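First comes the structure, then the notes that go with it.
None of the values given here were measured: they were computed from a predicted structure. Below, chains carry the letters A, B, ... as their sequence lines are ordered, and counting in each starts from 1. Just so it is clear, the values below take in all heavy atoms, side chains as well, and ignore hydrogens, waters and symmetry mates.
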Protein chains: 2
Amino acid sequence: MFAFAHSHISGQGQYPHANDAHVPLPFGATSPQQTSFHAPGSEIYAQGEAAGNIYQVEFGAVRVYRLLSDGRRQISAFYMSGEVFGFEGDTVHHFFAEAITGTSIRSFRQSQLNDVSQFLLPITLRGLTRAQEHLLVLGRQTAAERVAAFLLDIARRQGGLEQVDLPMSRMDIGDYLGLTIETVSRVFSKMKEKGIIALPTLRTAEILKWKTLEAMSD
Amino acid sequence: MFAFAHSHISGQGQYPHANDAHVPLPFGATSPQQTSFHAPGSEIYAQGEAAGNIYQVEFGAVRVYRLLSDGRRQISAFYMSGEVFGFEGDTVHHFFAEAITGTSIRSFRQSQLNDVSQFLLPITLRGLTRAQEHLLVLGRQTAAERVAAFLLDIARRQGGLEQVDLPMSRMDIGDYLGLTIETVSRVFSKMKEKGIIALPTLRTAEILKWKTLEAMSD
DNA sequence: CGGGGGCTTGACGCACCTCAAGACAAGTGG
DNA sequence: CCACTTGTCTTGAGGTGCGTCAAGCCCCCG
């Protein structure tokens, strides 16, 4: 559905135009907004910063995470084309948000309530549902089940095709799933070996046996 | 602050009257509502059931959870006096909700929008914040850190006193923290041995060293 | 006093982590 | 165009934190 450039292509002009993302935007054009481009790894907001904007990914991908004092990281969510993030219901951010690949983002001032506020409940609900889904994964599933659930989630959000774009690194995946990069890599290898998936490039997965993956993630 | 009967006291007449819970209720008395009593372990709603009510705990405690097909359980949240639950933004429930101890619950019809809907965003936001907090715990913390975070969370929600009421079983705690009952029990024992907490009864904890617990949970 | 569910404790096993080496891919400069 | 660099990923070997299995204890209750 979205034929975005792979994340490791970072030269300028390699990114699709904003118009290429045929995503129904939730906010009317009447709301004050602006589009900005973020280089791979660059910060969108940081924990402790003043909040007040909400953001929509035009193309690219974003990770939102928290840190423990010793550096352990938990990515609470990834956001891809069309998805909205940044609303935490407080005047201050409790998370960090970074562009994973080169990413274009629309910002909306939350204070211009009329256009935006009616979308806050559905947006927040989607976040809650995903977070609760993810609690089950982190609390009760094995490494293989976590990776299976992850692949299916990403694939569905990209339109349900077999070809899955993985803009994030193994480290990101590990920090999302509560695993180390080695474990993620080993699970990928095992799935490849069993013919469940293929890995044409490091940042692309191909789902060969949907049913098996679905049965694994239960 | 809330001097509720301990959960293992389950004889009738042992429960405080509804009026004993001096909790500011979020909804005006004009909204249609009714109060019902639930025996320990009884279902409030089940996954797949039609949704449409939201609930407020008057006294007692509630667990909300999901199951995997093989029976593994993840409790996504506990709700105690004054707290609101049951809104999932769908016409059908995706979770199970059960009374842990004898519990009194007020129901509000969500369809009578005028009184209730204005509270949905703050309620949903509180749930989202807690879920995200919990993601960090489940994804990246050790058994001892999880238990420390749990005790502090419960203690703070009960008014910040040292005496903490634990209406839920070790099994419930384990299924909330992504641990087995044995591990929960071992961590409790170790904390007791180190003088961080005391366990006057099975369902009561006393926090002796707040600072230590806080340092543990980071 | 006897029964039973929940809890604790111990011994052992395993899934995942840690540590380490090497492979691979992409960019860089000569 | 090819050595060299750098970062990411894969694979292996060994360690460990928590799970599993099992026995016994405690508290409550009949």
Side-chain angles (χ1 to χ4, degrees), chain A residues 5-12 14 39-41 68 70-74 100-102 137-148 166-193 197-205 216, chain B residues 5-12 14 40-41 68 70-74 100-101 137-148 166-193 197-205 216:
Chain A
H6 294 148
S7 60
H8 57 278
I9 301 175
S10 56
Q12 342 197 17
Q14 300 277 16
L68 290 172
D70 63 359
R72 281 175 288 175
R73 184 177 71 156
Q74 178 64 43
I100 296 175
T101 62
V137 173
L138 294 186
R140 285 298 178 216
Q141 303 209 151
T142 65
E145 290 168 338
R146 293 180 201 210
V147 172
L166 300 175
M168 65 292 286
S169 67
R170 298 290 186 269
M171 174 105 268
D172 287 334
I173 298 173
D175 283 350
Y176 177 67
L177 297 177
L179 301 170
T180 60
I181 54 176
E182 292 95 331
T183 298
V184 172
S185 182
R186 277 186 251 268
V187 172
F188 274 148
S189 298
K190 193 59 73 98
M191 285 179 171
K192 203 167 81 177
E193 181 180 302
I197 62 171
L199 295 169
T201 78
L202 277 177
R203 300 294 170 93
T204 316
M216 284 178 74
Chain B
H6 294 148
S7 58
H8 58 278
I9 301 175
S10 55
Q12 342 196 16
Q14 301 277 16
L68 289 171
D70 63 359
R72 280 174 288 176
R73 184 177 71 156
Q74 178 64 42
I100 295 175
T101 63
V137 173
L138 294 186
R140 285 297 178 217
Q141 303 209 152
T142 65
E145 290 168 337
R146 293 180 201 211
V147 172
L166 300 176
M168 66 292 286
S169 67
R170 299 290 187 268
M171 174 104 268
D172 288 334
I173 297 174
D175 284 350
Y176 177 66
L177 297 178
L179 301 170
T180 60
I181 54 176
E182 292 94 331
T183 299
V184 172
S185 181
R186 277 186 253 267
V187 171
F188 274 148
S189 298
K190 193 61 72 101
M191 285 178 170
K192 203 167 80 178
E193 180 180 304
I197 61 170
L199 296 170
T201 79
L202 277 177
R203 300 295 171 91
T204 316
M216 284 178 74

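The residue among A:L179 and B:F188 whose nearest nucleotide of DNA chain C is located toward the 5' end is B:F188.
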Problem set entry | Trace of the side-chain contact (heavy atoms from CB on, under 4.5 Å) decision for B:R140 with A:D175 | CA-CA 8 Å; B:R140 285 297 178 217; A:D175 283 350; 2.8 Å; yes
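In this entry the distance linking CD1 of A:I197 with C1' of D:dT10 reads 14 Å, nearest Å. To the nearest angstrom, C1' of C:dA21 lies 12 Å from CD of A:E182. In this structure, B:Q141 atom CD and D:dC18 atom P are separated by 11 Å, rounded to whole Å. A straight line from CD of A:E145 to P of C:dC16 spans 9 Å, rounded to a whole angstrom. The CG atom of A:D175 sits 14 Å away from the C1' atom of D:dT8 (whole-angstrom rounding). Between A:D172 atom CG and D:dG7 atom P the separation is 16 Å, expressed in whole Å. For the pair A:K190 NZ and D:dT11 C1', the interatomic distance rounds to 12 Å; values are reported in whole Å. C:dA15 atom P lies 16 Å from atom CZ of A:R140, rounded to whole Å.
Below the 3.5 angstrom threshold, one finds no donor paired with an acceptor across the side chain of B:R186 and the base of D:dG17.
How far CG of A:L202 is from OG1 of A:T204: 8.5 Å, rounded to the nearest 0.5 Å. Taken to the nearest 0.5 Å, the CZ atom of A:R186 stands 11.5 Å off from the CG atom of A:L179. Here CG of B:L177 is found 7.0 Å from CG of B:L138. Values are rounded to the nearest 0.5 Å. Taking CZ of B:R203 as the reference point, atom CZ of B:R170 lies at 7.0 Å (rounded to 0.5 Å). With rounding to the nearest 0.5 angstrom, the CD1 atom of A:I173 is 10.0 Å from the OG atom of A:S185. Expressed to the nearest 0.5 Å, how far OG1 of B:T101 lies from CE of B:M168 amounts to 9.0 Å.
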Seminar exercise, completed: Heavy-atom contacts, protein to nucleotides 2-7 of chain C, under 4.0 Å, summarised as B (base), S (sugar-phosphate only) or - (none) per nt, yield ----SS
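Taking 4.0 angstrom as the limit, A:S189 places none of its side-chain polar atoms (N or O) nearer than this to OP1 or OP2 of D:dT10. Contact check, A:T180 against C:dT18: no side-chain N or O comes under 4.0 Å of OP1 or OP2.
Within 4.0 Å (heavy atoms only), A:G178 reaches sugar-phosphate atoms of the nucleic acid but no base atom.
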